[in-house]
2 protein chains.
Amino acid sequence: MSATVTLAHVAREAGVSPSTVSRILNGTANVTPDKRARVEAVIRRLNFAPNVQAQALAAGRSFSVGVLTQDTSPYYGETLAGIERGLEGSPYHPLVVSGHWEAAREQEALDLLMRRRVDALIVLGGVIEDAALQAVAARVPLVAVGRDVSGLSERCVLVDNRAGIRLLVRHLTDLGHREIAFIGGPEVQQDALERRLAFEAALRECGLEPQAGLMRPGDYTEASGERAAEELCRSDLPFTALLCANDQMAFGARLTLYRLGIRVPQDISLTGFDDLFAARYATPPLTTVRQAIAELGQVAAEAVLRLLAGDHPQLPRYVPELIVRDSTGPAPLLSH
Amino acid sequence: MSATVTLAHVAREAGVSPSTVSRILNGTANVTPDKRARVEAVIRRLNFAPNVQAQALAAGRSFSVGVLTQDTSPYYGETLAGIERGLEGSPYHPLVVSGHWEAAREQEALDLLMRRRVDALIVLGGVIEDAALQAVAARVPLVAVGRDVSGLSERCVLVDNRAGIRLLVRHLTDLGHREIAFIGGPEVQQDALERRLAFEAALRECGLEPQAGLMRPGDYTEASGERAAEELCRSDLPFTALLCANDQMAFGARLTLYRLGIRVPQDISLTGFDDLFAARYATPPLTTVRQAIAELGQVAAEAVLRLLAGDHPQLPRYVPELIVRDSTGPAPLLSH
DNA sequence: CTGTTAGCGCGTTCAC
DNA sequence: GTGAACGCGCTAACAG
């Protein structure tokens with residue numbers, strides 16, 4: 001059990017003071033070339049690696065940015081990948097904790113991150129009150145993704161859910177669909193509510209009236225999409241298109257349609273929202289709205305770095321893009 | 001900018017010594033009820049949260065376990081979810097870093113984790129030399145998943161790739177398939193090599209001879225499966241089943257088959273390996289081998305906790321299970 | 001039971 | 001340019 005090498009060991013071995021070693025490590029001041037060479041040699045020989053905890057304690061910064069995520073769905077997986085990429089090259093590293101869409105657990109996660117003295121925070125969604133986020137934002141730079149935190153709007157990376165849903169509805173009505181069913185997300189979440197409202201509004205814009213019987217609640221999971229689609233198909237209300245509030249539910253719905261022998265898109269057109277990586281590999285490939293999730297994560301990370309550097313970064317507004325694939329087609333004559 | 005509250009503040013405010021506060025925090029020793037009550041009140045009032053860095057430095061343990069993962073594929077996503085679950089309830093938290101399947105970056109990741117003084121390590125796959133892992137294993141408890149590290153075999157959570165592949169091949173031959181194509185993984189990875197060898201062996205067991213023309217290399221990504229399937233279909237060698245070394249490549253291959261108008265399973269039977277969450281939602285649902293990935297992660301995490309507690313946990317051996325879904329069916333008369 | 005004294009490993013003044 | 005001394009916030013002997 002080789003005892004850990006410390007900066008002091010290096011100093012002694014190199015015949016210099018600890019401060020000198022520290023200076024070389026951080027480039028804090030000039031050091032004679034030969035001394036520097038000597039120290040660097042010792043560092044390599046002893047395989048010295050500075051204790052980050054000690055550095056953090058002494059310098060007052062931990063070089064870690066806390067990330068409050070929610071679950072392990074592909075959605076957050078892709079966002080985290082973006083964050084990792086955004087932090088790459090910087091001395092900062094992400095410390096990820098899940099809140100599981102429960103205010104209490106989100107608060108615990110935030111507490112944990114604060115106790116670990118993260119230098120900054122990235123918040124992905126969540127249902128915790130804005131006040132709690134404002135509180136932590138008062139202590140460290142904070143950027144939120146997919147959620148508009150009151151009082152911190154200029155620190156939020158958002159997509160325009162309204163516009164995205166409208167693109168889908170337009171696309172479907174252009175194809176001749178008039179009876180469009182809808183599976184929504186958990187409305188405790190901002191975006192889920194926005195998408196449902198946007199769906200109803202877009203329908204009206206197209207001269208159609210939302211029908212309660214064609215709208216089912218889901219919770220953004222595949223299983224809920226599967227179930228909701230079942231209910232919709234069992235009811236006798238006819239529809240030729242099924243718009244799901246996110247891709248995962250569309251995947252679930254796809255399974256139900258497959259089981260019932262309903263063809264996509266010949267019998268029913270199917271759409272999602274998010275453009276998860278998997279959407280392209282669905283059968284048939286899923287028509288959806290691109291959120292560029294990974295990019296959102298990366299942008300958030302970069303914004304955090306700027307904040308940490310004392311900047312006041314301008315967060316870009318993201319406009320969703322319609323991605324037409326094979327899961328949508330002309331409306332059939334209503335028959336099933 | 002409310003200055004951070006320290007243990008010393010609490011002590012002063014409560015009229016006790018810092019040690020007493022520390023004792024109450026850690027339950028290190030008995031304290032008079034009234035003193036304890038007084039201190040706890042102050043803690044709540046001041047909203048005191050101990051600095052984990054300082055605790056780590058003083059106590060010599062950081063309460064974090066490092067996780068070396070590789071990429072952000074669903075495979076690792078599910079494993080990480082399992083690890084998180086396994087650590088839940090314990091005072092330990094995961095610190096995740098990606099190695100991107102490059103020895104150099106994996107080494108960097110390990111260095112980073114050691115500098116952060118993680119108390120233990122969980123290694124997911126990777127291509128770094130065993131020696132490097134043995135080196136870190138000498139400093140902290142280490143558990144590896146999906147990789148057999150020489151000298152640390154009793155610390156490795158493994159699945160029997162041979163057995164899994166054999167289940168698939170048997171399943172296919174039982175269905176009458178004789179011409180089975182194969183898309184393999186990157187053979188720098190242990191499991192990919194094992195699976196390819198197992199495929200050839202299983203074929204022979206069934207009295208069939210592996211045909212080089214029906215075997216294509218992939219890299220475990222959807223895109224590589226897509227491409228490899230294209231090549232296979234363009235070649236004039238007939239086959240009635242396509243066995244992919246993992247689910248993701250099967251998803252990619254599925255897209256190619258869809259594009260070419262080849263029906264699954266009527267024209268070609270398709271199989272994967274891993275049983276990712278998404279396998280059940282493929283169209284048609286994918287026949288595959290269950291690895292219980294999330295469980296593997298959880299088991300690894302629990303093993304690490306036991307090691308940290310001084311135990312010598314016995315890691316269970318995982319036997320893969322064949323999951324028959326709709327992507328496989330009787331072999332058609334060769335025609336396409 | 002509880003306060004006092006030392007560090008944990010490093011960064012950072014401050015003088016030299 | 002460089003070393004000595006001090007402090008970051010907390011835990012752990014050590015006495016009492």
Side-chain angles (χ1 to χ4, degrees), chain A residues 2-40 42-43 46-64 91 111-112 114-119 139, chain B residues 2-40 42-43 46-64 91 111-112 114-119 139:
Chain A
S2 58
T4 314
V5 188
T6 75
L7 180 148
H9 293 153
V10 175
R12 200 172 316 131
E13 198 79 5
V16 301
S17 79
S19 337
T20 302
V21 179
S22 171
R23 285 175 183 123
I24 299 188
L25 239 50
N26 309 294
T28 308
N30 285 332
V31 176
T32 349
D34 66 313
K35 263 199 165 80
R36 138 172 272 113
R38 203 143 34 100
V39 171
E40 284 174 341
V42 177
I43 288 182
L46 264 47
N47 225 304
F48 167 66
N51 182 328
V52 176
Q53 328 256 25
Q55 291 183 305
L57 191 56
R61 44 104 197 93
S62 64
F63 281 135
S64 61
D111 290 346
L112 170 68
M114 295 312 287
R115 270 186 284 124
R116 298 238 169 200
R117 297 294 188 270
V118 295
D119 296 331
R139 319 191 88 257
Chain B
S2 57
T4 313
V5 187
T6 75
L7 181 147
H9 293 153
V10 175
R12 200 172 317 131
E13 198 79 3
V16 301
S17 79
S19 342
T20 301
V21 178
S22 171
R23 286 178 183 117
I24 298 185
L25 240 48
N26 309 294
T28 308
N30 285 332
V31 176
T32 355
D34 67 312
K35 263 198 164 77
R36 140 172 272 113
R38 201 143 35 100
V39 170
E40 285 174 339
V42 176
I43 288 183
L46 264 46
N47 225 303
F48 168 65
N51 181 329
V52 177
Q53 327 257 26
Q55 291 182 306
L57 190 56
R61 44 105 197 91
S62 64
F63 281 135
S64 61
D111 290 346
L112 169 68
M114 295 313 288
R115 270 185 284 123
R116 296 238 170 200
R117 297 294 187 272
V118 294
D119 296 329
R139 318 192 88 259

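When reading the values below, keep in mind they use all heavy atoms of this one structure, side chains included, and skip hydrogens, waters and symmetry mates. Since the model is a prediction, treat every value here as computed from it, not as a measurement. Each chain gets a letter, A, B and so on, in the order its sequence line appears, and its residues count up from 1.
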(message) Could you check whether the side chain of A:Ser19 and the base of D:dA4 have a donor-acceptor pair of N or O atoms closer than 3.5 Å, going by distance alone?
(response) yes

(request) Taking the side chain as every heavy atom from C-beta outward, state whether B:Thr4 and A:Arg139 have any pair of such atoms under 4.5 Å apart. (result) yes

(message) Nearest whole Å is fine: how far is D:dT11 P from A:Gln53 CD?
(response) 13 Å

(request) Round to a whole Å and report the spacing from CG of A:Asn30 to P of D:dT2. (result) 9 Å

(message) With each end axis built from five pairs of C1' atoms, what bend angle do you get for the helix from C:dC1-D:dG16 to C:dC16-D:dG1? Round to 10°.
(response) 40°

(message) If you assign each of A:Val21 and B:Ala54 to its closest nucleotide in DNA chain C, which residue comes earlier from the 5' end?
(response) B:Ala54

(message) Considering every strand and a 4.0 Å limit on heavy-atom distances, what is the contact class for A:Thr6: base, sugar-phosphate, or nothing?
(response) sugar-phosphate

(request) May I ask you to evaluate whether A:Gln55 reaches the phosphate of C:dG11, defined as a side-chain N or O under 4.0 Å from OP1 or OP2? (result) yes

(request) List the steps and the verdict of side-chain contact (heavy atoms from CB on, under 4.5 Å) for A:Glu40 and A:Arg36. (result) CA-CA 6 Å; A:Glu40 284 174 341; A:Arg36 138 172 272 113; 3.6 Å; yes

(message) Taking 4.0 Å as the cut-off, does a side-chain nitrogen or oxygen of A:Lys35 come that near to OP1 or OP2 on D:dT2?
(response) yes

(message) Side chains of A:Thr6 and A:Asn51, heavy atoms from C-beta outward: is any pair under 4.5 Å?
(response) no

(request) Using atom CG of A:Asn26 as one end and atom C1' of C:dG9 as the other, report the distance to the nearest whole Å. (result) 13 Å

(message) Within the 4.5 Å heavy-atom criterion, are A:Leu57 and A:Arg117 side-chain neighbours or not?
(response) no

(request) Could you tell me the separation between the CD atom of B:Gln55 and the OG atom of B:Ser22, rounded to the nearest 0.5 Å? (result) 8.0 Å

(message) In this structure, how many angstroms lie between the P atom of D:dT11 and the CZ atom of B:Arg61, rounded?
(response) 7 Å

(message) Within this structure, what is the CZ-CD distance for the pair B:Arg61 and A:Gln53, rounded to the nearest 0.5 Å?
(response) 10.0 Å

(message) Please determine whether a side-chain nitrogen or oxygen atom of A:Thr20 lies at a distance below 4.0 Å from atom OP1 or OP2 of D:dG3.
(response) yes

(request) Can you check whether any acceptor in the base of C:dG3 is under 3.5 Å from a donor in the side chain of B:Arg23, or vice versa? (result) yes

(message) Quick check on DNA chain D: between B:Val52 and A:Ser17, whose nearest nucleotide comes earlier from the 5' end?
(response) A:Ser17

(request) Find the distance A:Arg12:CZ to C:dG9:C1' and express it as a whole number of Å. (result) 13 Å

(message) Whole angstroms only, please: what is the CG-C1' distance between A:Leu7 and D:dA5?
(response) 15 Å

(message) Expressed as a whole number of angstroms, how long is the span from A:Ile24:CD1 to C:dC10:C1'?
(response) 15 Å

(message) Once you apply a heavy-atom cut-off of 4.0 Å, does A:Pro50 come out as touching a base, just sugar-phosphate, or nothing?
(response) sugar-phosphate

(message) Can you identify which nucleotide, out of D:dG3, C:dT2, C:dG9, has its nearest atom closest to the B:Leu57 side chain?
(response) C:dG9

(request) Measure from the side chain of A:Ala58, starting at C-beta and using heavy atoms only, and say which of D:dA12, D:dT2, D:dG7 lies closest. (result) D:dG7

(request) Consider only side-chain N and O atoms of A:Thr20 and A:Ser17, and report whether a donor and an acceptor are under 3.5 Å apart. (result) yes

(message) Counting only side-chain nitrogens and oxygens, does A:Ser22 get under 4.0 Å of the OP1 or OP2 atom of C:dT12?
(response) no

(message) Please report the distance, rounded to the nearest Å, between CZ in A:Arg116 and C1' in D:dC10.
(response) 15 Å

(request) Give a yes/no answer on whether the side chain of B:Asn51 brings an N or O atom under 4.0 Å of OP1 or OP2 in D:dC8. (result) no

(message) Do A:Val16 and A:Val21 have side chains that approach each other closer than 4.5 Å (heavy atoms only, starting at C-beta)?
(response) yes

